[in-house]
2 protein chains.
Amino acid sequence: MSEAELDRLFQAFADGTRRDIMRRVAVGEYSVSGLAGLYAMSFAAVQKHVAVLERASLVTKEKRGRQQIVRGNHEGLQGARRLLDEYEAIWRQRAGRIADMLAED
Amino acid sequence: MSEAELDRLFQAFADGTRRDIMRRVAVGEYSVSGLAGLYAMSFAAVQKHVAVLERASLVTKEKRGRQQIVRGNHEGLQGARRLLDEYEAIWRQRAGRIADMLAED
DNA sequence: ATATTCTACAACCAAATGGTTGTAGATCAG
DNA sequence: CTGATCTACAACCATTTGGTTGTAGAATAT
């Protein structure tokens, strides 16, 4: 996963409206206007948020009739989780080394 | 964990230089200028990146003589992991429901 | 005492973000 | 066919971001 992709991924999570959209589409299907109805902002603003999530591969859109259905994309989410797990692993290695040093006395 | 804290957390991860700093300080200790020496940008730019990580509770600073030691803060990292784990759980619940529906035929 | 090192912070700049309104193309309903 | 609905996209605006340079203070070294 490239640095640019990670930039987009975490940038996408760095907004409360987008995190809420992620929760919604993880549970069910929403059209763009269905989502727009949930927030106190313009349709275009929500449309932009969905676009940010789409560029981050956290969401996919599929045309159904005149509406565009937004679905959560599990793989994108897993990419972010993997990175944080990697940091966690590095951290634990270090904690392990410190424990070893203490044990060596 | 408040929405504003989550904003700062994920915003902090949304930059390659800051992600690299996180990897470094997860392994060892660095002063601000020690970190600054690693990147092709000004001291002040790196200082700002460290400040962003600090506001996000991903890093702490401790004064030692004339230098400021930057350390990774495990709890901040775990906050981000928890959120992604929560989305993952929601996703799996949904996958479970779909499996149940299919099984009900 | 003086010079050097490390840090902090202000001021500035270009680009990106998060919002708005307005316009226009598809699709569906009556 | 006509009107309503859903979407896309452009243009605009204020604020934030990621970078710069410059100045100044505190701690250390010579």
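Here is how names work: the chains are called A, B, and so on, in the same order as the sequence lines, proteins then strands, and each is numbered from 1. These numbers come from the heavy atoms of this one structure, side chains and all, not from hydrogens, waters or symmetry mates.
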OP1 or OP2 of [N] sitting under 4.0 Å from any side-chain N/O of [X]?
X	N	value
A:Gln47	D:dA8	yes
A:Ser33	D:dT7	yes
A:Ser42	C:dT20	yes
A:Ser31	D:dC6	no
B:Arg18	D:dG18	yes
A:Lys63	C:dT27	yes

What integer distance in Å separates [X]:[atom1] from [N]:[atom2]?
X	N	atom1	atom2	answer
A:Gln67	D:dA4	CD	P	19 Å
B:Phe43	D:dG19	CZ	C1'	15 Å
A:Arg55	D:dA8	CZ	P	14 Å
B:Phe10	C:dG18	CZ	P	15 Å

Practice problem: Using a 4.0 Å heavy-atom cut-off across all strands, classify A:Lys48 as base, sugar-phosphate, or nothing. | Solution: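 Touches a base.
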Quiz item: Ignoring hydrogens and angles, does a donor from either the side chain of A:Arg66 or the base of D:dT7 sit under 3.5 Å from an acceptor on the other?
Solution: no
Quiz item: Is the shortest side-chain N to carboxylate O distance from A:Glu29 to A:Arg64 below 4.0 Å?
Solution: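 Yes.
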Self-check item: Given C:dG18, C:dT7, D:dG19, the nucleotide with the shortest approach to the side chain of A:His49
Solution: C:dG18
Practice problem: List the steps and the verdict of side chain to side chain contact (heavy atoms under 4.5 Å, CB included) for A:Lys61 and A:Val50. | Solution: CA-CA 9 Å; A:Lys61 283 194 299 188; A:Val50 172; 4.0 Å; yes
